[in-house]
Number of protein chains: 4
Amino acid sequence: MNPETTSIPLVPTLDSIVARSTPDHAFATKWAADVLRTAMTEGALDPGTKLSEAALAQQLGISRNTLRQAFTALESEHLMTRVPNRGVFVATPGKKQIHELFTLRLALESGAIDLISAGEKPILRRIIEQSKVHRASGSVSGMAGANQDFHRELVRLSGSERLNTLMVSALAEMRLLFHSMVAVPDFHSPFVEKNEHLMHLLEAGDKYEAHVYLRDYLASSAAYFADRV
Amino acid sequence: MNPETTSIPLVPTLDSIVARSTPDHAFATKWAADVLRTAMTEGALDPGTKLSEAALAQQLGISRNTLRQAFTALESEHLMTRVPNRGVFVATPGKKQIHELFTLRLALESGAIDLISAGEKPILRRIIEQSKVHRASGSVSGMAGANQDFHRELVRLSGSERLNTLMVSALAEMRLLFHSMVAVPDFHSPFVEKNEHLMHLLEAGDKYEAHVYLRDYLASSAAYFADRV
Amino acid sequence: MNPETTSIPLVPTLDSIVARSTPDHAFATKWAADVLRTAMTEGALDPGTKLSEAALAQQLGISRNTLRQAFTALESEHLMTRVPNRGVFVATPGKKQIHELFTLRLALESGAIDLISAGEKPILRRIIEQSKVHRASGSVSGMAGANQDFHRELVRLSGSERLNTLMVSALAEMRLLFHSMVAVPDFHSPFVEKNEHLMHLLEAGDKYEAHVYLRDYLASSAAYFADRV
Amino acid sequence: MNPETTSIPLVPTLDSIVARSTPDHAFATKWAADVLRTAMTEGALDPGTKLSEAALAQQLGISRNTLRQAFTALESEHLMTRVPNRGVFVATPGKKQIHELFTLRLALESGAIDLISAGEKPILRRIIEQSKVHRASGSVSGMAGANQDFHRELVRLSGSERLNTLMVSALAEMRLLFHSMVAVPDFHSPFVEKNEHLMHLLEAGDKYEAHVYLRDYLASSAAYFADRV
DNA sequence: GTGGTCTAGACCACC
DNA sequence: GTGGTCTAGACCACG
């Protein structure tokens, strides 16, 4: 069965995600956070879902304390929302969170642009090519993935560990955003060209134009999401 | 007696910092992190100092586990360095960390500049005035504090919670940096003019110039620190 | 426009008091008690007002159980009156409550005088000065606040935690008293001199005279309130 | 068997105290507080003892929540000490607590003296007579009880409910103090004369002398306890 | 009843 | 021996 025959792939269950990972209790905290992060960004956990500590700890086969440490990590990534004495919930991105997220992305990506020297960027070129292949084959998830790859690599090219760390977290949040709304098949298509244009500006060393272009690009993207929340 | 020996007070001991806070075991983790953060930024703990878990836990009157959570928080703020199976050390900012820190600051402050509208900024003006008072009275710590205030408020003016949170953490790291090197009395003096110039660019709405000016400003500052490490 | 309409600001609403505090439900009981205490002492809740548990719990965004705990605290401070099976009411100080309150104040302040050593009391001097400024500017609330400050600090100077705790609570009740009757602009004026005289007796170490003076002072004050209830 | 044959009477057990009260669960909180207060002041619970919530709730046949409310009341009476996240302990009076307690007693009893009119005080006379009987029969606990009665009635004579309420609580704390140290058989003997002298001063309306005498009286008593802690 | 915090203690791995 | 991780269990606080 071709997974692409449906543009909205069937979401996996939390149990299946647990099953396909190795419950090696040596690093249970990191493992639990990974499982939950995957579950969230793959749509196995709907935004707003309440996560019961006791039940989930038992389901994952870890102690409540360990699970709470995982929650702490996920909360700092804005993937979960903690309401004191009420519980932990899968984040439901609102207009404010979207605005904050894109503000951070703009700062990070602009900061990266500042640091990137002119010249050919093979890795970006490869990702653009990849995008075009996915677009041709109609793979929405492929395009989405390539788009994320592009922006991740853009920041990684800056050589700054901190910017990169923050960007990786921001992109995980983006994935949550994708799953929190109805998928629109051609949403990612225009990004192929936008990314390509941005790449050209970068290679040409035209930082000012790249910055301005990125700002408008992200602003329109943010507006798109904000309108659908 | 050298006036600088009084304007730079003798560093407090860790015990004195513990004593002047209330060791109310209701929020021991946060309390311990605060105590250690204060100790570090006040110079009670020299960079590179190894912190023994067992000894420190007993000194603070908390359990090892709680202390470790405080370490985790401080490590994420780059105030401490964890070496697996070796221990936790007060961070010794090296050239790389300084570079990373200023890279992040540039991204955050530039991102903030993008969001700040033109027009008078009373809070920045007040801080600038404050700086001048401190400079006139020869208060090095006063100038340093006002400089931090200026950049903190600059980012706060953006209205972005995330940029602000990251900036607050970055400035705590800056304080560690100050204490990790010999104080140079007139180090902060030129910042008064630089900040004032930056403020004028902001108020005029000249974002591009502000960005360029900030970049050079931070670059020279980073170089200053990197040369003294 | 009557200057007193401005120097006595319009009483805030309960909602506005709720809004300006951070409803961080981590310590909802304490928070609710604080909000209600503030509302009462600022006049947002008139004496005698019945407080509906259900409605108030919803308005504050907390559960009824939590609200009841706050009521318990406020009742022990004599700021609220509980009538079994009838409900909770904002205390309506009567002659007896006024008499009891001033009896307690006399005991506490006399007890404090016993413990205070002779010698200059800078903090009291500062408060007296403050009173005079407020009197000159015609600020009734300023004078009232300074008067409270004077007596609070008088007890604090004793160094006894228990006397201090009881005094703080008694002064909160005093504020309720102020708001339960029509404001008389020049009510607080004579207190400036009385407090100053008391301070001089204290500084001179004349405890007996101070005690006698305080007794008459509080008796006349109590009579004033009792006559207007 | 004459209970007075031993100057240190056998302490009752908590269970026996529970048994002799009526477990009327209409006011379980108050009942539980009474049981615990009695247990503490009769020596059934040694100072420093940790009170386990779960175990004690079951032993008393009440819910943990109810028990916690009782703890709250007892803590406010300084009979128990709460260490956040550690538990509740029977208070272990230290020098500071003793000093605070006697400071409060002085304030309350002096405040009462201020309010008491001259003239014969039959109730005090009766208590003094009672003391003498106990002293003659060598009943230490009888003397102790009569001493407490004398001071309680002294404050009650003031007619102030608040002073009385605070005094009752202070005397309960005094009983805890008696049980926290080795009994000294003739400790209470001199109080018979002291109380009698104080009574005479009161009846003569000599408030100033009564106040001075009381102050020295309580100071020596406080010193006695403080030295034995 | 559930979440929030801390403590104690176990086990393993590295030095 | 010291750090790294997890578990168990207690108390704290809101619902």
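In what follows, chains carry the letters A, B, and so on, assigned in the order in which the sequence lines appear, proteins first and then strands, with residues in each chain numbered from 1.
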Subject >> Neighbour count >12 (heavy atoms, 6.0 Å) for atom NZ, B/K30 >> reply: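 Atom NZ in B/K30 is not packed in, count stays at 12 or less.
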Could you tell me how far apart [X] ([atom1]) and [N] ([atom2]) are, to the nearest whole angstrom?
X     : N     : atom1 : atom2 : result
B/F27 : E/dG4 : CZ    : P     : 12 Å
B/L60 : E/dC6 : CG    : P     : 13 Å
B/W31 : E/dC6 : CH2   : P     : 11 Å
B/L56 : F/dT2 : CG    : C1'   : 14 Å
D/E53 : E/dG1 : CD    : C1'   : 15 Å
B/Q58 : E/dT7 : CD    : C1'   : 15 Å
A/L67 : E/dG3 : CG    : C1'   : 11 Å
A/Q69 : F/dT5 : CD    : C1'   : 8 Å

Heavy atoms from C-beta onward define the side chain here; which of [options] lies closest to that of [X]?
X     : options              : answer
B/R68 : F/dG3, E/dC6, E/dG3  : F/dG3
A/T66 : F/dC14, E/dT7, F/dT7 : F/dT7
A/S52 : F/dC14, E/dG3, F/dT5 : E/dG3

Original post:
So what's E/dC14 paired with, Watson-Crick or G-U wobble, going by both distances under 3.5 Å?
Top reply: F/dG1
**OP:** Provide the Watson-Crick or G-U wobble partner of F/dT7, both distances under 3.5 Å; none if there is no partner.
**Re:** E/dA8
Original post:
What is the distance from atom CE of D/M40 to atom CD of D/E77, rounded to the nearest 0.5 Å?
Top reply: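 Going from CE on D/M40 over to CD on D/E77, the span is 8.5 Å.
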Original post:
Could you state the interatomic distance from CG (A/D34) to CG (A/L74), rounded to the nearest 0.5 Å?
Top reply: 9.0 Å
**OP:** State whether C/S63 places a side-chain N or O below 4.0 Å from either non-bridging phosphate oxygen (OP1 or OP2) of F/dG15.
**Re:**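 The answer is yes; a side-chain N or O of C/S63 sits under 4.0 Å from OP1 or OP2.
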Original post:
Does E/dT5 have OP1 or OP2 sitting under 4.0 Å from an N or O in the side chain of B/K30?
Top reply: no
Has [X] got a side-chain atom pairing as donor or acceptor with [Y]'s backbone, closer than 3.5 angstrom?
X     : Y     : answer
C/T72 : C/R68 : yes
A/T66 : A/I62 : no
D/E75 : D/V88 : no

**OP:** Specify the residue among C/T29 and B/R82 whose closest nucleotide of DNA chain F lies further upstream toward the 5′ end.
**Re:** B/R82
Subject >> Contact pattern, 5' to 3', of nucleotides 9-15 of chain E - B, S or - by protein heavy atom under 4.0 Å >> reply: BB---S-
Original post:
Between B/T49 and B/D46, is any pair of side-chain heavy atoms under 4.5 Å apart?
Top reply: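 Touching, per the 4.5 Å side-chain cut-off.
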